[in-house]
Amino acid sequence: SSTVQNILMRFALHNSLNIVFPSQGHYLGKESPYTRKLISDTKWAEANFSYDIFALHTIWNQDEVEKTLGAGATYITILRDPVELFQSLWYYIDLKSFYKSDLETFAHAPKEGLLSERKSNRLGRNQMLWDNGMTSQEMDDPAAVARKIKEIENNFHLIMISDRFDESLILLKDLLCWDFQDILSLRLNVQKSSKKAALSREGRDALAEYLSADYKLYNHFQRIFQQKIDKFGQQRMKNELKILKEQEERIKAECKLKEVASKEVAKERQTWGKDMIGYAGNNDNPICRYLVMSELSFVDHLRKLQLKRALATLGRTNNKVHARRSTRRQQKSMRNSVKTKTNNSDKTGREKPLSTDRKFARKPRHNRNDENDLPNKEKHERSRSKSANKGRKSRKKMAKKQRQGRNLLKVDRKSRAKERKKRQIAG
């Protein structure tokens with residue numbers, strides 16, 4: 001699935017298509033099904049982008065994805081042999097540490113207690129049905145499994161099969177009307193074969209029973225896949241597989257690619273996980289670069305490009321809003337200017353000597369030497385005389401109070417002199 005994702009993201013890159021991305025990370029729902037709210041905080045949602053591709057890890061929700069992509073989308077997915085998928089998962093996410101058991105022992109052990117749980121509440125038994133939106137309880141109901149399989153058959157246009165990957169790519173090319181250049185790929189996110197967990201034939205049979213619901217899904221779509229091959233034409237398929245092989249060998253030679261340990265390659269090519277395969281080679285050619293870029297690096301790269309497009313769209317929108325507001329302000333300013341000119345005109349139609357600029361709209365200071373503006377001068381003289389009268393009145397009041405104070409002092413002195421004379425006579 002990582003390889004198919006790389007094909008879809010390269011197509012998006014070359015054609016400037018919008019991908020359903022969260023604001024960060026590479027999951028669109030880890031423990032619960034996808035909803036459009038998961039992308040509501042993004043700049044591309046704010047810019048009201050329409051979306052062309054949905055290709056990230058998710059728990060499938062057909063209704064919500066249809067709302068996001070709109071009508072007319074083509075739906076594809078890929079399935080893998082359930083035991084091989086579980087073996088890969090066992091080592092990739094270190095289920096050995098979680099279940100505290102090796103794979104062979106786990107395969108034969110009763111699935112009780114810890115062995116019945118999912119790692120991180122999302123990884124473990126019947127992973128393909130889980131990713132298609134089924135709960136652990138529903139997986140034990142044969143009728144529910146049958147309904148889910150029928151639902152997937154009705155919703156998806158192509159179910160690719162990992163074990164027949166090249167044939168799946170040819171059917172994908174035919175379905176989407178693509179060229180061979182569009183489906184060129186290398187195996188990505190792949191572990192070294194020597195590092196995969198060992199499993200006996202008996203252990204494999206025990207795991208197959210444990211993963212029986214996923215096998216119902218897988219076997220059903222294997223039969224449909226074969227029907228599509230027959231309809232496409234065996235000879236035609238053989239011819240196109242030959243062309244695809246030649247194209248892949250050519251691009252490997254041009255890019256000088258060779259398989260090495262993932263930790264030995266450039267950071268943007270490094271794959272998360274233990275003992276993963278990477279590709280060393282030419283990084284100058286853009287085709288070569290994106291062909292082997294890791295999932296996390298590619299998602300981050302495309303998200304940055306999509307963010308630039310969203311910000312540019314928001315900038316243009318804001319400029320249009322600003323321009324509309326500016327036009328409205330200008331129109332309002334012109335109306336106010338007309339009103340000001342009308343209000344500033346006298347009965348004869350002559351404009352009064354007032355500024356029409358709102359910023360400097362104040363009455364001009366009076367010129368005392370202007371003999372022509374007699375009414376204003378008279379007003380000024382009246383205000384001066386009123387001020388002078390008020391000053392005179394206040395001075396008169398002060399003088400009166402001072403006289404009253406002096407009179408009181410004279411009375412007091414006379415009374416004290418009389419008292420002294422009485423005391424002298426009495427003595």
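- With sequence neighbours excluded, the residues forming a ring pair (Phe, Tyr, Trp, His ring centres under 6.0 Å) with H301 are Y290, listed by chain and number.
- Contact annotation: the side chain of E246 approaches that of K242 to within less than 4.5 Å [non-hydrogen atoms, C-beta and beyond].
- A 4.5 Å side-chain heavy-atom check between Q127 and F86 finds every atom pair outside the cut-off.
- Formation of a donor-acceptor pair under 3.5 Å by the R125 side chain with backbone atoms of S136 is not found in this model.
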Report task. Determine, step by step, whether L103 and L207 satisfy the side-chain contact (heavy atoms from CB on, under 4.5 Å) criterion, reporting the C-alpha distance in whole Å, the side-chain angles of both residues, the deciding distance to 0.1 Å, and the verdict. Result -> CA-CA 9 Å; L103 182 58; L207 272 186; 4.0 Å; yes
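- For the side chain to side chain contact (heavy atoms under 4.5 Å, CB included) with L28, the qualifying choice from T35, N61, V65, L56 is L56, the only one to do so.
- A salt bridge links D205 with R201: at least one charged nitrogen is closer than 4.0 Å to a carboxylate oxygen.
- Every residue two or more places apart in sequence or in another chain that forms a ring pair (Phe, Tyr, Trp, His ring centres under 6.0 Å) with H26 is listed here: H57.
- No hydrogens or angles considered: nothing links the side chains of Q222 and Q226 as a donor-acceptor pair under 3.5 Å.
- Defined by atom type and a distance below 3.5 Å, a donor-acceptor pair is missing between the side-chain atoms of R223 and N219.
- Looking at heavy atoms from C-beta onward, S185 lies in side-chain contact with E248 at the 4.5 angstrom threshold.
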Query raised in the report: For Q306 and L302, what are the C-alpha separation, side-chain angles and deciding distance, and is it a side-chain contact (heavy atoms from CB on, under 4.5 Å)?
Result: CA-CA 6 Å; Q306 189 158 302; L302 291 177; over 6 Å; no
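- Contact record, I159 with F156: CD1-CB, 3.6 Å, taken as the closest heavy-atom pair.
- The minimum heavy-atom distance linking A310 with A47 is given by the pair O-CB, 4.0 Å.
- Rounded to the nearest 0.5 angstrom, I39 CD1 and I19 CD1 are separated by 12.0 Å.
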Requested in this report: Any chance you could lay out the side-chain contact (heavy atoms from CB on, under 4.5 Å) test for M293 and R10, step after step, and finish with the verdict?
Outcome: CA-CA 10 Å; M293 186 177 283; R10 279 190 287 122; over 6 Å; no
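- Separation of atoms CE (M134) and CG (D140) is listed at 9.0 Å; rounding is to 0.5 Å.
- Rounding to the nearest 0.5 angstrom, the gap separating the CZ atom in R80 from the CG atom in D214 is 12.5 Å.
- At least one side-chain heavy atom of E117 sits under 4.5 Å from a side-chain heavy atom of L114.
- When atom types are taken as modelled, the side chain of S297 and the backbone of S294 share no donor-acceptor pair closer than 3.5 angstrom.
- W90 and D102 get closest at one heavy-atom pair: CZ2-C, 3.5 Å.
- Ion pairing between a basic and an acidic side chain is recognised when a charged N comes within 4.0 Å of a carboxylate O; R250 and E254 show such pairing.
- The shortest distance between side-chain heavy atoms of L211 and L85 does not fall below 4.5 Å.
- Taking a 6.0 Å sphere around NZ of K43, one finds it holds 12 or fewer heavy atoms contributed by other residues, nucleotides or ligands.
- A search for salt bridge (Lys or Arg N to Asp or Glu O under 4.0 Å) contacts involving K67 returns E64, not counting sequence neighbours.
- Around atom NZ of K150, no more than 12 heavy atoms belonging to other residues, nucleotides or ligands sit under 6.0 Å away.
- Between the SG atom in C288 and the CD1 atom in I251 there is a gap of 5.0 Å [rounded to 0.5 Å].
- With contacts defined as side-chain heavy-atom distances shorter than 4.5 Å, the pair L169/M160 qualifies.
- Within a 6.0 Å radius of CD in Q24, other residues, nucleotides and ligands contribute 12 heavy atoms or fewer.
- Side-chain atoms of N6 and F298, non-hydrogen and from C-beta on, do get closer than 4.5 Å to each other.
- The NE2 atom of H157 sits 11.0 Å away from the CD1 atom of I76 when rounded to the nearest 0.5 Å.
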Query raised in the report: Under the side-chain contact (heavy atoms from CB on, under 4.5 Å) criterion, do R164 and I229 qualify, and how do the steps go?
Result: CA-CA 11 Å; R164 304 177 69 175; I229 294 291; 4.1 Å; yes
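- Annotation: side chain to side chain contact (heavy atoms under 4.5 Å, CB included) contacts of R236 (sequence neighbours excluded): D174, F232, E240.
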Enumerate donor-acceptor pairs with a distance under 3.5 Å from any side-chain N or O in residues 175-184 to protein atoms, sequence neighbours excluded.
residue, atom, partner, partner atom, Å
D182, OD2, D179, N, 2.9

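- When all heavy atoms of A213 and N126 are compared, the closest pair comes out as CB-ND2, 3.5 Å.
- Between the T68 side chain and the R36 main chain, no donor and acceptor come within less than 3.5 Å of each other.
- Separation of the F106 and Y210 ring centroids falls under the 6.0 Å cut-off.
- Here F54 pairs with Y34, W60 under the ring pair (Phe, Tyr, Trp, His ring centres under 6.0 Å) rule; sequence neighbours left out.
- A distance-only check finds no donor-acceptor pair linking the side chain of K228 to the backbone of L171 [under 3.5 Å].
- The CG atom of L305 lies 11.0 Å from the CG atom of D300; values are rounded to the nearest 0.5 Å.
- Counting heavy atoms from C-beta outward, F98 and S120 have side chains that stay 4.5 Å or more apart.
- Pairing each heavy atom of A107 with each of L199, the nearest pair is CB-CD1, 4.4 Å.
- A donor-acceptor contact shorter than 3.5 Å links the side chain of D52 to the backbone of N18.
- Around atom CD of E209, no more than 12 heavy atoms belonging to other residues, nucleotides or ligands sit under 6.0 Å away.
- When atom types are taken as modelled, the side chain of H220 and the backbone of K216 share no donor-acceptor pair closer than 3.5 angstrom.
- Within the 3.5 Å criterion, the main-chain N or O of P22 finds a donor-acceptor partner in the side chain of R303.
- When all heavy atoms are compared, the tightest approach of H108 to A206 is ND1-CB, 4.1 Å.
- Of the possible donor and acceptor atoms, one in the side chain of K148 sits under 3.5 Å from a partner among the backbone N and O of N132.
- Exactly one of I78, L79, T77 qualifies for a side chain to side chain contact (heavy atoms under 4.5 Å, CB included) with M128. That residue is L79.
- Judged by distance alone, with hydrogens and angles left aside, the side-chain atoms of W130 form a donor-acceptor pair with the main-chain N or O of R122 at under 3.5 Å.
- Using cut-offs of 30° and 60° on the angle between ring planes, the pair Y215 and Y218 is perpendicular.
- Panel note: side chain D81, backbone E84; a donor-acceptor pair is recorded below 3.5 Å.
- In the displayed structure, K238 atom NZ is contacted under 6.0 Å by at most 12 heavy atoms of other residues, nucleotides or ligands.
- Each of F49, Y51, W44 was scored for a side chain to side chain contact (heavy atoms under 4.5 Å, CB included) with V20, with one residue passing: Y51.
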